[in-house]
Protein chains: 2
Amino acid sequence: MEDFKKQFKKGVIELAILKLLSEENQYGYSIIQQINTRSREQLAIKDGTLYPILYRLEDKKFIESYWYTEDEGRSKPRKYYSLTEIGKERYLRMLKDYIEIEEGLREILQSYEVK
Amino acid sequence: MEDFKKQFKKGVIELAILKLLSEENQYGYSIIQQINTRSREQLAIKDGTLYPILYRLEDKKFIESYWYTEDEGRSKPRKYYSLTEIGKERYLRMLKDYIEIEEGLREILQSYEVK
DNA sequence: ACAATATACCTTGTAATACAAAGTATTTAT
DNA sequence: ATAAATACTTTGTATTACAAGGTATATTGT
């Protein structure tokens with residue numbers, strides 16, 4: 001992948017993860033699939049990328065995890081993550097800041113100061 | 001500044017710089033002021049951030065520099081930067097990719113899959 | 001039944017980069 | 001004259017998505 005695509009993704013990935021968890025508790029692999037599908041592959045991430053982010057978010061108490069088996073036939077539980085209260089606050093602040101910065105960039109990209 | 005604001009800026013700063021240089025040749029300090037003003041401080045960067053980026057862009061041949069004194073009364077020249085041909089291509093590709101990724105993120109932020 | 005693929009989680013090492021913080025010197029405003 | 005802004009430079013640091021490797025289970029096709 002081109003280097004600047006990587007750069008664009010940094011930071012926004014965390015925002016996307018928090019948003020998905022604000023909708024519903026999910027396990028890691030499910031988050032990857034949702035990000036890949038719903039962003040139409042534009043924000044696609046690898047599992048080796050996601051899991052370290054989840055551990056970091058958990059260390060910071062923005063999310064919590066629990067092992068859970070939903071199917072009868074399934075022997076192995078999956079590790080589910082849920083948003084904590086401060087995680088929800090974090091998500092809302094990130095969203096606000098993201099929108100502000102995106103608008104700032106748009107100003108530069110769209111405008112053209114005639115001298 | 002909060003850590004995620006930093007993250008959002010990474011990558012997009014370079015895009016903003018290339019855009020400004022695509023409009024007009026400019027010296028470093030002028031770029032800082034334009035970014036700060038036109039983004040309404042949302043994308044504000046420090047000089048210690050800009051100059052290393054300019055050197056990197058020059059190493060990669062995306063921009064070129066020349067010293068120039070425009071005023072009579074001014075003894076010290078300012079270092080002007082201009083976009084090269086491959087710099088222009090880089091800018092257009094970055095712009096396209098940025099827009100795609102931004103749209104991908106919007107899909108995640110706006111949509112809510114009802115199960 | 002078997003093979004192949006997808007699912008699901010984990011770990012290590014790396015390259016990239018905005019920033020803080022420091023410096024130097026000139027120019028402009030009070 | 002003094003302060004503030006301008007203009008450029010350098011060093012060191014923390015962060016983080018990724019590649020690439022691993023293990024094991026579950027599902028699908030033949």
Side-chain angles (χ1 to χ4, degrees), chain A residues 1-17 26-37 39 42-60 65-81 97 101 105, chain B residues 1-17 26-37 39 42-60 62 65-81 94 97 101 105:
Chain A
M1 185 171 36
E2 302 197 84
D3 56 338
F4 48 80
K5 273 201 150 183
K6 252 189 236 182
Q7 280 308 308
F8 288 150
K9 284 190 194 175
K10 286 192 181 185
V12 307
I13 291 289
E14 190 179 315
L15 177 57
I17 293 167
Q26 295 181 65
Y27 55 94
Y29 204 82
S30 164
I31 295 174
I32 294 170
Q33 289 172 317
Q34 289 227 3
I35 287 180
N36 294 359
T37 307
S39 77
Q42 294 304 326
L43 234 64
I45 55 168
K46 303 283 167 58
D47 59 347
T49 298
L50 177 74
Y51 292 113
I53 296 177
L54 290 176
Y55 307 148
R56 196 176 69 230
L57 290 173
E58 194 170 17
D59 282 345
K60 291 180 183 170
S65 64
Y66 55 96
W67 291 91
Y68 175 61
T69 310
E70 79 221 274
D71 304 319
E72 300 294 302
R74 196 179 184 83
S75 68
K76 220 186 173 188
R78 291 190 272 217
K79 197 174 183 180
Y80 281 75
Y81 289 92
D97 283 6
I101 287 177
L105 178 62
Chain B
M1 184 173 35
E2 301 196 82
D3 56 338
F4 50 83
K5 274 201 150 182
K6 250 190 236 181
Q7 280 308 308
F8 288 149
K9 285 190 194 176
K10 286 192 182 188
V12 306
I13 291 289
E14 189 179 315
L15 177 58
I17 293 168
Q26 296 180 64
Y27 56 94
Y29 205 83
S30 164
I31 294 174
I32 294 170
Q33 289 172 316
Q34 289 225 4
I35 287 180
N36 294 359
T37 308
S39 77
Q42 294 303 328
L43 234 65
I45 55 168
K46 304 283 167 58
D47 55 351
T49 297
L50 178 73
Y51 291 111
I53 296 177
L54 290 176
Y55 307 148
R56 195 177 70 228
L57 291 173
E58 194 169 16
D59 283 344
K60 292 181 184 169
F62 296 136
S65 64
Y66 55 95
W67 291 91
Y68 176 61
T69 310
E70 79 221 276
D71 304 319
E72 299 295 301
R74 197 178 183 84
S75 68
K76 219 186 173 189
R78 290 190 274 216
K79 197 174 183 180
Y80 281 75
Y81 290 91
M94 282 191 86
D97 283 6
I101 288 178
L105 179 62

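Chain letters run A, B, ... following the sequence lines, proteins first and then strands; every chain starts at 1. The figures here come from the full heavy-atom set of this structure, side chains too, leaving out hydrogens, waters and symmetry mates. All of these numbers come straight from a predicted model, not from anything done at the bench.
For Tyr27(B), the ring pair (Phe, Tyr, Trp, His ring centres under 6.0 Å) partners two or more places apart in sequence, or in a different chain, are Tyr80(B). For Tyr29(B), there are no ring pair (Phe, Tyr, Trp, His ring centres under 6.0 Å) partners at least two apart in sequence or on another chain. Remark: Phe8(B) engages Tyr98(A) in a ring pair (Phe, Tyr, Trp, His ring centres under 6.0 Å) (not counting sequence neighbours). Qualifying side-chain hydrogen bond (donor to acceptor under 3.5 Å, both in side chains) partners for Glu14(B), counting only residues two or more places apart in sequence or in other chains: Arg56(B), Arg90(B).
Between Tyr51(B) and Ile53(A), the residue anchored nearer the 5' end of DNA chain D, judged by the nucleotide with its closest heavy atom, is Tyr51(B).
Atoms OH (Tyr55(A)) and C1' (dT15(D)) sit 19 Å apart, rounded to a whole Å. If you take NZ of Lys79(A) and C1' of dT11(C), they are 13 Å apart, rounded to a whole angstrom. Residue Ile31(A) contributes atom CD1, which lies 14 Å from atom P of dA17(D) at whole-angstrom precision. Counting to the nearest Å, the C1' atom of dT16(D) and the CG atom of Asp59(A) are 14 Å from each other. Computed from coordinates, the Ile32(A) CD1 to dC18(D) P distance equals 11 Å when rounded to whole Å. Following rounding to the nearest Å, Leu57(B) (CG) and dA16(C) (P) show an atom-to-atom distance of 14 Å. If you take CG of Leu50(A) and C1' of dT11(C), they are 14 Å apart, rounded to a whole angstrom. Taking atom CZ of Arg56(A) as the reference point, atom C1' of dA14(D) lies 12 Å away to the nearest angstrom.
Dashed line: the shortest gap from a side-chain N or O of Gln33(B) to OP1 or OP2 of dA5(D) is not under 4.0 Å. Close to dC18(D), at under 4.0 Å from its OP1 or OP2, lies a side-chain N or O of Lys9(A).
The environment of NZ in Lys46(A) is sparse: at most 12 heavy-atom neighbours from other residues, nucleotides or ligands sit within 6.0 Å.
Among the atoms of the strands shown, none is found under 4.0 Å from any heavy atom of Glu14(A). No engagement by Ile13(A) is indicated, since no non-hydrogen atom pair under 4.0 Å with the nucleic acid exists.
Side-chain contact between Ile31(B) and Leu54(B) is present, with heavy atoms from C-beta onward closer than 4.5 Å. Proximity of Ile17(B) to Leu50(B): side-chain heavy atoms (C-beta onward) are separated by under 4.5 Å at one or more points.
Of all the heavy atoms in Asn36(A) and Ala44(A), the pair that sits closest is OD1-CA, 3.1 Å. Taking every heavy atom of both residues into account, Ser65(A) and Tyr81(A) meet most closely at CB-CE2, 3.5 Å.
Out of dC10(C), dT16(D), dT17(C), the shortest distance to the side chain of Lys60(A) is found at dT16(D).
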Using a cut-off of 4.0 Å between protein heavy atoms and nucleotide atoms, how would you tag nucleotides 21-30 of chain C 5' to 3' with B, S and -?
B----SS---
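Where pairing requires Watson-Crick or G-U contacts shorter than 3.5 Å, the helical stems of DNA chain D with at least three consecutive pairs are C:1-30 with D:1-30.
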